[in-house]
Amino acid sequence: MTPAPVIIAIDGRSGAGKTTLAIELAARLREHHKVSLFHLEDIYPGWNGLAAGMERYVSTVLGPLQRGKPAEWVSWDWNRHYDGETRTTLPAEIVLVEGVGAAAAAARPLLDAVVWVDSPDRDRRSRAIERDGASYEPYWDQWAAQEQEWLAGDDVPAHADVRVLNLADGAAPEEVLESLQYLPALAPALMPELAARRGLQLRAERIDAAPDAVALFERLFGRSVNAVWLDSSLPPESPRRPGAHQEGAGFEGAGFDGAAAERSRFSILADDGGRCGQTVRHRSGETSVRIGNATVRTEGPFFRWLDGAWGRTALRAPEDYPGEFALGWLGYLGYELKRETGGSDVPSQTPDACLLLAGRAVVLDHLACAVWLLALDTPDAGEWLAAARSAVAETGDVPVPAGASGAVERPAAPDFAARDSEIAYKSKIADAQYQITEGNSYEVCLTTALTARVPAGGLDPWQAYLALRRRNPAPFASYLRFDELSVASTSPERFLRIAADGGMRAEPIKGTRRRDADPARDAGLRAELEASPKDRAENIMIVDLLRNDLSHFAVPGSVSVSRLCAVESYATVHQMVSTIDARLRPGMPRAEAVAACFPAGSMTGAPKVSTMAILDRLEGAPRGVYAGAIGYFSLSGATDLAVAIRTLVISESADGDGGTRLSLGVGGAITADSSPEEEYEEIRTKAFGVLSAVGAEFPAGRVVGS
């Protein structure tokens, strides 16, 4: 008796292409494994024998194979319409069982994975008859009725680990094989395939140019369903730029210092196209990965999934490449992932995480006025690199002010409503202060939300982002498009960076003042923030929290505060920023290091776990994307994530009315000596940059549902 094999069922309606898929998948698996293949069509007892055939298959074929024993079964003679010869299917390292009913309810407990194959209804009949000849045509309706009756009581597609739309274009076998590698039950058996995936090489090209980033994104990724632009919308000045000051001198009109310049050197433009492109969504414990026309689902914590998909990869960047991003995952982690880090489970209207895997990307080095084209070395890489080269050449080499490129259409002003009225928000401030006086928290980062609905087509997310980056540029600006969901953010705050060499950095922001057009008043507001005991106390509390978060995975003694309560000035606000550095202990799982710090302490308060529970009760609603993190997880092992603040979330309405829903989260840190008036004014200040970009105003007294 051999060890129990890994058994994969490939199921679907007749004509979906299961047989061809199974044969081609088996051929690929045989490069590294011994594989057995069983076709259910050999065991069905006649054209009316679907139910009986499934019973025979489970008892005489699947049962013995699952125990590692040879399966002896009686075939069906389709010419004589009677039982045929006895055959034997030997167990192997991997067994593929294919046919209608391969993943029936009685079979599923004996299977390691289920693949459901979909195909357009208009194609299935013609494919089946073309494959099996005219002998099948008189029985098509009879057989289809049996399939319909069976599936009415046994929803196999809902239980499938992988679903693939088979367009008969040759892509399905590779997409399914890639999908199967994400299943924990199959990962040990598919280690050779995983190693091959991780053995890809990086192709990189440098072009000395400073193209218009807006035009370049539109040219390369404007039509992509899923695309990401991590956009330093106020890049640092360079000696090569006309009229630039000395390197590191700052940002025109914004007064950015060298620390802000470090955060703003690179922009990344990417989509999920090409041979290696993938998209992942996570919601309430289920992760769904889209690979071409295949989708694989797994249950379990997202950070565990992330550790498997990103944490063990190691793609070396070229020695002369100055960036940390060497292709990988880009997108957002929503605040509700706190369920995995000590918080409670609060369902959200938006996915808890959306990321795309970029096998090709453009990186703009604003300091060096250079463009890097990155692509995994796959058969389609050369074609894409040529197209990207052409796009860079055609989008100019002249510095363009942030957001000034192209025609930015001003959207019709949405009518926002507040989740909490001014009175209600101030009442929650008082409740938070009570929790502080009771010793349940030291600082409560209380938030609320502004929402609006606009008719379909009433607001173009791309145009809204262009307006936002023009009015409120920031080093961690970003535009994310995931099909029906878009995120437009101009965050100034870094959540966490882990460099490929293990260097860690967090840069929390606590303390805000508005900008003023009058230079003297503006300087006074900045000086007021610098001298504020309350704002310094808020900032220092979060610094202590983050020092503790980083220490869980840091080399002992490596945690340090290199900058405390410094003030940086942005287009619409002055902010108080601190910098905490550490070094990741060798061998520590990087995804778990991210989880140890998530969500950002500047968005929860301290102590984190007990304060998150207080916030759940006070806020009474999920935060969604807001207060989570936006950034990348590089195949080099590096990550750089911003806190999702100053962030407009744009999504198609879930109630089917064809409209679009807008959401903007705002909040502030509450301490024992907070002034409700000042705290409410602070959320108005923070909302101004985003609201003004779409022509809207802070709602006066109107709440959601009123």
Minimum heavy-atom distance Q181-A187, with the two atoms named: O-CB, 4.3 Å

A quick test of your reading: do over 12 heavy atoms of other residues, nucleotides or ligands sit less than 6.0 Å from CD of E205? yes

Between F217 and Y479, what is the ring plane arrangement, given parallel below 30°, perpendicular above 60°, and tilted in between? perpendicular

Is there a donor-acceptor contact under 3.5 Å linking the side chains of S651 and E484? no

How far does CZ of R30 sit from CD1 of I94, to the nearest 0.5 angstrom? 10.5 Å

Under the ring-ring contact (aromatic ring centres under 6.0 Å, His included) criterion, do F633 and W310 qualify, and how do the steps go? CA-CA 7 Å; F633 300 91; W310 164 67; 5.0 Å; yes

In plain terms, say whether R163 and D118 are close enough for a salt bridge, that is, a side-chain N and a carboxylate O under 4.0 Å apart. yes

Could you pull out the closest heavy-atom pair between A361 and A270, with the gap in Å? CB-CB, 3.8 Å

Side chains of Y44 and Q146: is there a donor and an acceptor less than 3.5 Å apart? no

So, T89 and W73: side-chain donor and acceptor under 3.5 Å apart, yes or no? yes

With sequence neighbours left out, the residues meeting side chain to side chain contact (heavy atoms under 4.5 Å, CB included) with R80 are D77, Y82

Spacing of CZ belonging to F38 relative to CD1 belonging to I43, to within rounding of 0.5 Å: 4.5 Å

Using a 3.5 Å distance criterion without hydrogens, assess whether the side chain of N226 forms a donor-acceptor pair with backbone atoms of D483. yes

Selection residues 268-302 - residue pairs positive for ring pair (Phe, Tyr, Trp, His ring centres under 6.0 Å), sequence neighbours left out: H282-F302, F302-W305

Could you check if a side-chain atom of V95 sits within less than 4.5 angstrom of a side-chain atom of V35, using non-hydrogen atoms only? no

Under the side chain to side chain donor-acceptor pair (under 3.5 Å) test, residues paired with R661 that sit two or more places apart: Q349

Verdict with reasoning, E93 to L29, per side-chain contact (heavy atoms from CB on, under 4.5 Å): CA-CA 10 Å; E93 184 183 354; L29 288 168; over 6 Å; no

Would you name the heavy atoms of A71 and L65 that are closest together and state the gap between them? CB-CG, 4.0 Å

Per the ring pair (Phe, Tyr, Trp, His ring centres under 6.0 Å) rule, what does the pair list look like for residues 6-31, sequence neighbours excluded? none

Any side-chain heavy-atom pair from T60 and E72 closer than 4.5 angstrom? no

Would you name the heavy atoms of S59 and P64 that are closest together and state the gap between them? O-CD, 3.6 Å

Yes or no on side-chain contact (heavy atoms from CB on, under 4.5 Å) for W229 and W462, after CA distance, side-chain angles and deciding distance? CA-CA 11 Å; W229 180 10; W462 173 240; 3.6 Å; yes

Mind checking ring pair (Phe, Tyr, Trp, His ring centres under 6.0 Å) for F482 and listing every partner two or more places apart, or none if nothing turns up? none

Do W78 and E41 meet the criterion of a side-chain donor-acceptor pair at a distance under 3.5 Å? no

Dump the intermediate steps for salt bridge (Lys or Arg N to Asp or Glu O under 4.0 Å) on R304 and D307, then the final yes or no. CA-CA 5 Å; R304 183 187 302 164; D307 185 56; over 6 Å; no

Atom of R203, atom of A381 and distance for their closest heavy-atom approach: NH1-CB, 4.0 Å

Min side-chain heavy-atom separation D352-R339 under 4.5 Å: yes

Is it true that a side-chain atom of T86 and a backbone atom of V74 form a donor plus acceptor pair closer than 3.5 Å? no

Please check: side-chain N/O of W143 versus main-chain N/O of N48, any donor-acceptor pairing under 3.5 Å? no

Is there any salt bridge (charged side-chain N to carboxylate O under 4.0 Å, His left out) pair reaching into residues 143-162, and which pairs are they, with sequence neighbours excluded? R108-D154

Return the set of residues passing side chain to side chain contact (heavy atoms under 4.5 Å, CB included) with A172 (not counting sequence neighbours), or none when no residue passes. L21, V164, N166

Would you say CZ of R316 has more than 12 non-hydrogen atoms from neighbouring residues, nucleotides or ligands within 6.0 angstrom? no

Find the distance between CD1 (I650) and CG (L459) and round it off to the nearest 0.5 Å. 5.5 Å

Qualifying salt bridge (charged side-chain N to carboxylate O under 4.0 Å, His left out) pairs, either residue in residues 353-362, two or more places apart: D271-R360

Do L180 and I8 touch side chain to side chain, with heavy atoms closer than 4.5 Å? yes

To the nearest 0.5 Å, how far apart are CD1 in I7 and OG in S36? 10.0 Å

Under the side chain to side chain contact (heavy atoms under 4.5 Å, CB included) test, residues paired with A189 that sit two or more places apart: V6

Pair listing, salt bridge (charged side-chain N to carboxylate O under 4.0 Å, His left out) test, anchored in residues 168-177, at least two apart: R28-E174

Show your working on salt bridge (Lys or Arg N to Asp or Glu O under 4.0 Å) between E178 and R290 and close with a plain yes or no. CA-CA 10 Å; E178 186 77 14; R290 182 72 178 266; over 6 Å; no

Could you tell me whether the side chain of S179 and the main chain of A294 form a donor-acceptor pair under 3.5 Å? no

Can you tell me how far the CG atom of L25 sits from the CD1 atom of I10, to the nearest 0.5 Å? 5.0 Å

Which residues satisfy the side chain to side chain contact (heavy atoms under 4.5 Å, CB included) test with L151, sequence neighbours excluded? R13, W116, V156, P157

Are the side chains of R481 and S224 in contact, using a 4.5 Å heavy-atom criterion? yes

Heavy-atom closest pair, residues A102 and L40: N-CD2, 3.7 Å

Inspect the contact between R623 and E336 and indicate whether a charged nitrogen and a carboxylate oxygen are less than 4.0 angstrom apart. no

Validation row: T341, F303 side chains within 4.5 angstrom (heavy atoms): yes

Can you list every salt bridge (charged side-chain N to carboxylate O under 4.0 Å, His left out) pair that touches residues 42-57, not counting sequence neighbours? D42-R87, R56-D83

If you define the side chain from C-beta out and look only at heavy atoms, does anything of T298 sit under 4.5 Å from P184? yes

Decide side-chain contact (heavy atoms from CB on, under 4.5 Å) for S14 and V100; before the verdict, give the C-alpha distance in whole Å, the side-chain angles of both, and the deciding distance to 0.1 Å. CA-CA 7 Å; S14 291; V100 180; 3.8 Å; yes

Starting from the C-alpha separation in whole Å, work towards a yes-or-no answer on side-chain contact (heavy atoms from CB on, under 4.5 Å) for L357 and V280. CA-CA 8 Å; L357 176 60; V280 60; over 6 Å; no

Side chains of T295 and V289: closer than 4.5 Å at any heavy-atom pair? no

Parallel, tilted or perpendicular for F221 and W384, by the 30°/60° rule? parallel

